[in-house]
Amino acid sequence: MGRPSRALLSREIIARAALDVVDEHGSDGLTMRALADRLGVKAASLYNHVSGKDELLDGLAELVNAEIDLSPLAAEDGRGWREGLAAYARGYRAAFIRHPNTIALLARRRVGAERQLLGYDTLLAALGRAGLAPADAAEVAAALDYLVLGSALETFTAGFTRGAAEYRPGYPALAGALEASAARGGGPGGLDERGFELALRLLLDGLAARL
């Protein structure tokens, strides 16, 4: 029997193609028709592997969350809780900065992918070992989500499309702040990175005070 001319479909192959579509065309670009066209198959054949868009999004969530390094949260990692949580938060943010278009698809839907559930369980266990009661740990996990996903979705710097001097006549405080931030270096994304690190540090300081 001859070998098939096209790789056989699987749930993971379909999910990876879906992630590519979202990365390139945004959340609105993900349709079963667009996905079938990318894979070179008929849309009906996709339903042999995924029941519909909801299951497709679970597969997409699995892939993105698999890029988040959970090892800094492990008990055997050897870091203190603060260093481990900071490293985890940076890795979490980096994964969604690579795939920012997935945030609109995943942030407001149920958490059902195995890797998502594992991530939250690992985080909450680490917070418990640090000394937080379960209800307090849940609040910290929620705060971390808001910080990481918000900073991955929004770029503060890109909202100001004019040169700093152009803002000065009407908005002198804004112009001065943008100029001073630019002087600190880091290029266009420097302010975004510093803003995230400041917010993360404040969150960790608040957690340390609570502990």
Side-chain angles (χ1 to χ4, degrees), residues 16-31 34 38 57 60-61 63-70 72-73 82-111 113 116 119-120 123 127 138-210:
R16 289 193 178 280
L19 182 56
D20 290 340
V21 169
V22 173
D23 284 344
E24 294 172 16
H25 303 292
S27 57
D28 291 340
L30 183 60
T31 64
R38 187 176 192 92
L57 292 179
L60 192 150
L63 291 177
V64 177
N65 281 270
E67 296 184 19
I68 302 171
D69 184 10
L70 301 180
L73 299 174
R82 183 175 184 126
E83 293 77 13
L85 191 57
Y88 163 75
R90 293 182 186 114
Y92 183 0
R93 178 173 180 257
F96 278 94
I97 283 178
R98 289 191 292 271
H99 308 290
N101 294 332
T102 64
I103 297 175
L105 290 170
L106 302 180
R108 288 188 173 273
R109 70 185 301 270
R110 63 176 175 79
V111 176
Q116 283 180 301
Y120 284 115
L123 171 60
L127 292 171
E139 290 175 5
V140 172
L144 194 63
D145 257 16
Y146 303 146
L147 171 60
V148 168
L149 295 178
S151 67
L153 180 63
E154 180 187 9
T155 165
F156 181 88
T157 309
F160 302 101
T161 56
R162 292 179 273 167
E166 294 184 53
Y167 292 104
R168 188 168 300 283
Y171 314 101
L174 172 61
L178 292 175
E179 288 172 344
S181 179
R184 288 188 173 178
L191 176 55
D192 292 326
E193 290 298 319
R194 290 190 294 273
F196 169 74
E197 288 294 331
L198 173 60
L200 178 59
R201 186 164 62 252
L202 292 173
L203 175 62
L204 295 174
D205 286 347
L207 180 53
R210 176 174 288 192

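Every heavy atom of this structure was used, including side-chain atoms; hydrogens, water molecules and symmetry mates were not.
Judged by distance alone, the side chain of N65 and the main-chain N or O of Q116 form no donor-acceptor pair under 3.5 Å. The backbone N or O of F156 lies less than 3.5 Å from a partner atom in the side chain of D192, making a donor-acceptor pair.
In terms of heavy atoms, L105 sits closest to S27 at CG-CB, 3.6 Å. Nearest heavy-atom pair across A89 and V148 is O-CG2, 3.9 Å. Between F196 and S151, the closest heavy-atom pair is CD1-OG, 3.5 Å. Across all non-hydrogen atoms, the minimal contact from A175 to A164 is CB-O, 3.3 Å. Annotation for A152 and I103: closest pair CB-CD1, 3.8 Å, computed over non-hydrogen atoms. When all heavy atoms of G29 and A34 are compared, the pair lying nearest together is O-CB, 3.5 Å.
Taking the side-chain contact (heavy atoms from CB on, under 4.5 Å) definition, one finds that A158 meets it with T155, sequence neighbours left out. Residues forming a side-chain contact (heavy atoms from CB on, under 4.5 Å) with R109 (at least two apart in sequence, or on another chain): D54, L57, D58, L106. Every residue two or more places apart in sequence or in another chain was checked for a ring-ring contact (aromatic ring centres under 6.0 Å, His included) with Y120, and none qualifies. Take A141 and apply the side-chain contact (heavy atoms from CB on, under 4.5 Å) test, not counting sequence neighbours, and it matches L123, L124. Residues that satisfy the side chain to side chain donor-acceptor pair (under 3.5 Å) test with D69, not counting sequence neighbours, are S71. In terms of the side chain to side chain donor-acceptor pair (under 3.5 Å) criterion, residue partners of Y92 (sequence neighbours excluded) are, by chain and number, D145. For E83, the side-chain contact (heavy atoms from CB on, under 4.5 Å) partners are R79, not counting sequence neighbours.
Under the 4.5 Å side-chain criterion, counting only non-hydrogen atoms from C-beta, L85 is not in contact with L203. L19 has its side chain within reach of H99: a pair of non-hydrogen atoms, C-beta onward, lies under 4.5 Å apart. Counting heavy atoms from C-beta on, the side chains of L127 and L207 come closer than 4.5 Å.
The stretch residues 194-206 participates, sequence neighbours left out, in these side chain to side chain donor-acceptor pair (under 3.5 Å) pairs: R82-D205, R90-E197, S181-R194. Residues in residues 148-176 take part in these salt bridge (Lys or Arg N to Asp or Glu O under 4.0 Å) pairs, two or more places apart or across chains: R168-E179. Sorted by first and then second residue, the salt bridge (Lys or Arg N to Asp or Glu O under 4.0 Å) pairs with a member in residues 93-103 read E67-R98, R93-E193; sequence neighbours excluded.
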Step by step, work out the side-chain contact (heavy atoms from CB on, under 4.5 Å) result for L153 and F96. CA-CA 8 Å; L153 180 63; F96 278 94; over 6 Å; no

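Rounding to the nearest 0.5 Å gives a distance of 11.0 Å between CG of L30 and OG1 of T102.
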